[in-house]
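Just so you know, ligand 1 is whichever comes first in the structure, and atom 1 is the first atom listed for that ligand. Only this structure's heavy atoms are used, side chains among them; waters, hydrogens and symmetry mates stay out.
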Amino acid sequence: MIPIAEQVAQLREQLESHNYAYYVLDEPSISDAQYDALYRQLIALETEHPELITTESPTQRVGGKVKSGFQEVRHTVPMLSLDNAFSDEELAEFNQRVAARLSKQIPLVYAAEPKMDGLAVNLRYQQGRLVQAATRGDGELGEDVTHNVRTIRAIPLKLCGSGWPDVLEVRGEVFMHKAALDKINQAQLERGDRPFANPRNAAAGSLRQLDPTITAQRPLSFFCYGWGQVSDDFKLPACYSEMLDLLKTWGLPINPLASLVEDQAGLVNYYQDLFALRATLPYEIDGIVYKLDRLEGQQALGFTSKFPRWAIARKFPAQEVWTKLLAIDVQVGRTGALTPVARLEPVLVGGVMVSNATLHNMDEIKRRDVRIGDTVIVRRAGDVIPEVVAPVLSQRPENTALFEMPVACPECGSDVVKELDKAVYCCTGGLFCPAQRKRALAHFVSRKAMDIQGLGEKLIDQLVSAGLVAHPDDFYKLNSDELLQLERMASKSAQKVIDAIDASKSTTLPRFIYALGIPEVGEVTAKNLAQHFKTLDALMQASLKQLLSVADVGEIVAHHLIQFFAQAHNLEVIEGLLSAGVSWPLIETPISSLDSVFSGKTCVLTGSLQQMTREQAKAELENLGAKVSSAISAKTDYLIAGEKAGSKLAKAEVLGVNVLTEAEFIELLGEQLDG
Ligand code: IVH
């Protein structure tokens, strides 16, 4: 008789190797029923001998504990996103950019693989054991979804084989097969719940369940396509593809369609092959990802602030479908702009159920001659908001109706005016208009502004309707008794909201400026303004000329700023916020210039900049401690290249000088003042 402990160990090994065959090798070694029988045997033995249960046992994937929320996880290595190419030309440009920057010794070979339509996760293995799984989140901060990821059978709880690093962070996509999604949607409909619009939402919704038993019922899968932190005891191989092979031997599933390609023709062929295969694949893909295979080359190319320079996503074209335009409604934005929104007969576009689409503005409606009752072409390009492209004239019925902008705001009844020289119609209600007020308040609390967590749109709606909040400073006067009067508000959550409001008082000047919601003042402009003026007072007193000397600030933005600070009611709100205790650390010039990535660096400007003058760019750079020179040499640290950059750009590429586009430059400028 084999000892029980050994029987248990054997069963686990068998189950793991069947899992490996199924998920990693894509060659099932037994039937589902046989797998279930082995699994049940293991459960029976473990029930009799609970002392033999370990966390890595295949039976322990579902912890059974319901969580109350998700912990934040700061990624040790940021999880970046990818630059996109929408045409063969853009792909060729990418290939040329890489070739130009790469030393000739490094072969121009790319690892090509399908771009999975799912959710990126980071899996952390320590001593070969899965210790943490986190979503990508904003790339810096994700959510801890370990308990749910453990239920995904394609993800090993412990690595197999040998030679893995002590700490290994594996990255890849959690996704759902089309068939599984159909089945789940069927069940959702039968229960009267809303179906998931696409596999990405299904994967995200399933991973973000507080109860892992629910995730366990959702058949999620996983493909690995990268790594984060890798401990120093391990030497990475020379190529990305070699590392993927290693990850595969350790039990991590790799997409079997991954392949090495070279030359523009090779890149395009792979794309075309996959495009043709797309409909037959068991999962949704939305394009192809190409990554330079040699890691040495990846390192040499580096990253912009958002993307690796050595990889690109070639997106499949936007999908277009026909549907009926049932009505056109008008939505009131934060600054009062009225946007016509098409209400459509619901239709699937590229796997997403679409029932609303933007019509942009009145001019576009006229230009495209879109009428209510028309059959229209709806397009969804990647992650972009769906839009109505045009009416199908051959399908136009007799009784279509022309759309007219309302003369009174549908939310508050105030007059609607058309902005001079612009296609935009605006509600004149200002903060009297509840729609504008609610959106302005939602902007104020949003993540990149004051970051008050737990204050969602619903709660803001309730607070405004109950008359508890009209202006941003009113948030700071709320107490938990007032919150408790609101429907469906428990004392614990009320206290949480109060605590979050309180915590938001210590902020930064860029966040504060951004939170005010001044028209045209986005996150980057707010950072530049803070950087330039250092204090709120200085900004409020600034003249037109002073404002115009700030990077990224043109006539329109400057006028909005002056107008904003000239209004007594805005000053009252600011005063209210400051006296409630909202404050930020002082910005001192020497600190920002010492800490800046530009400090002590030699920079050259070339080409024509669109968002600022050369003088402004130069002043900003000097302010951050850079030396601005006119000639490029091997000693140049950064070339900032505007449009139509010519020989200097070519020379920079030959010399391997870091090149920043204007957008990258502005973003970096903003980042120098940490918001
Ligand atoms: S590589 C630094 N490879 O696409 C490069 N991403 O737009 C990191 N994605 O957040 C990503 N399939 O969610 C990579 N084969 C693949 C992918 C893939 C899907 C997703 C991923 C990422 C997003 C970037």
With a heavy-atom distance limit of 4.0 Å, tell me whether [X] approaches ligand 1 through its side chain, its backbone, both, or neither.
X    : answer
R136 : side chain
P308 : side chain
E113 : side chain
A311 : neither
R171 : neither

* Asked: Heavy-atom contact under 4.0 Å between G172 and ligand 1?
  ->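 Flag not set, G172 not near ligand 1.
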* Asked: Measuring from the heavy atoms of K291, does anything fall under 4.0 Å of ligand 1?
  ->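 Judged by the 4.0 Å heavy-atom criterion, K291 does count as contacting ligand 1.
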Return the residue, atom name and 0.1 Å-rounded distance of the protein heavy atom closest to [atom].
atom                    : answer
atom 20 (C) of ligand 1 : E173 OE1, 3.5 Å
atom 12 (N) of ligand 1 : M116 N, 2.9 Å
atom 8 (C) of ligand 1  : L80 O, 3.9 Å

* Which of the numbered atoms in ligand 1 are below 4.0 angstrom from a heavy atom of P114? ->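 Per the distance check, 12 (N), 15 (N).
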* Asked: Just which atoms of ligand 1 are under 4.0 Å from any heavy atom in V289?
  ->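 Those of ligand 1 that fall under 4.0 Å from V289 are 3 (N), 15 (N), 16 (C), 17 (C).
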Counting heavy atoms only, which of [options] is nearest [atom]?
atom                    : options                : answer
atom 7 (O) of ligand 1  : V121, I288, L82        : L82
atom 11 (C) of ligand 1 : F307, Y290, Y225       : Y225
atom 4 (O) of ligand 1  : Q298, R200, K115, K315 : K115

Is there a donor-acceptor contact under 3.5 Å from the side chain of [X] to the main chain of [Y]?
X    : Y    : value
Y35  : N19  : no
D144 : T146 : yes
R101 : L301 : no
Y290 : L267 : yes

* Asked: Pick one: which of K448, R74, R447 meets salt bridge (charged side-chain N to carboxylate O under 4.0 Å, His left out) with D138?
  ->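 Considering K448, R74, R447, a salt bridge (charged side-chain N to carboxylate O under 4.0 Å, His left out) with D138 is found only for R447.
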* **Single hit among R129, R150, R61 for salt bridge (charged side-chain N to carboxylate O under 4.0 Å, His left out) with E56** =>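 Checked R129, R150, R61 against E56; only one passes salt bridge (charged side-chain N to carboxylate O under 4.0 Å, His left out): R129.
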* **Heavy atoms of other groups near D233 CG, more than 12 under 6.0 Å** =>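 Yes - once you tally the heavy atoms of other residues, nucleotides and ligands closer than 6.0 Å, there are more than 12.
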* How close do Y125 and P156 get, heavy atom to heavy atom, and via which atoms? ->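 For Y125 versus P156, the nearest heavy atoms are OH-O, 2.6 Å.
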* **Taking every non-hydrogen atom, the tightest pair across C239 and L295** =>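 Of all heavy-atom pairs spanning C239 and L295, the closest is C-CG, 3.9 Å.
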* To do: Would you indicate whether the side-chain heavy atoms of E262 and V109 approach each other to under 4.5 Å?
  =>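 Yes - at least one pair of side-chain heavy atoms lies under 4.5 Å apart.
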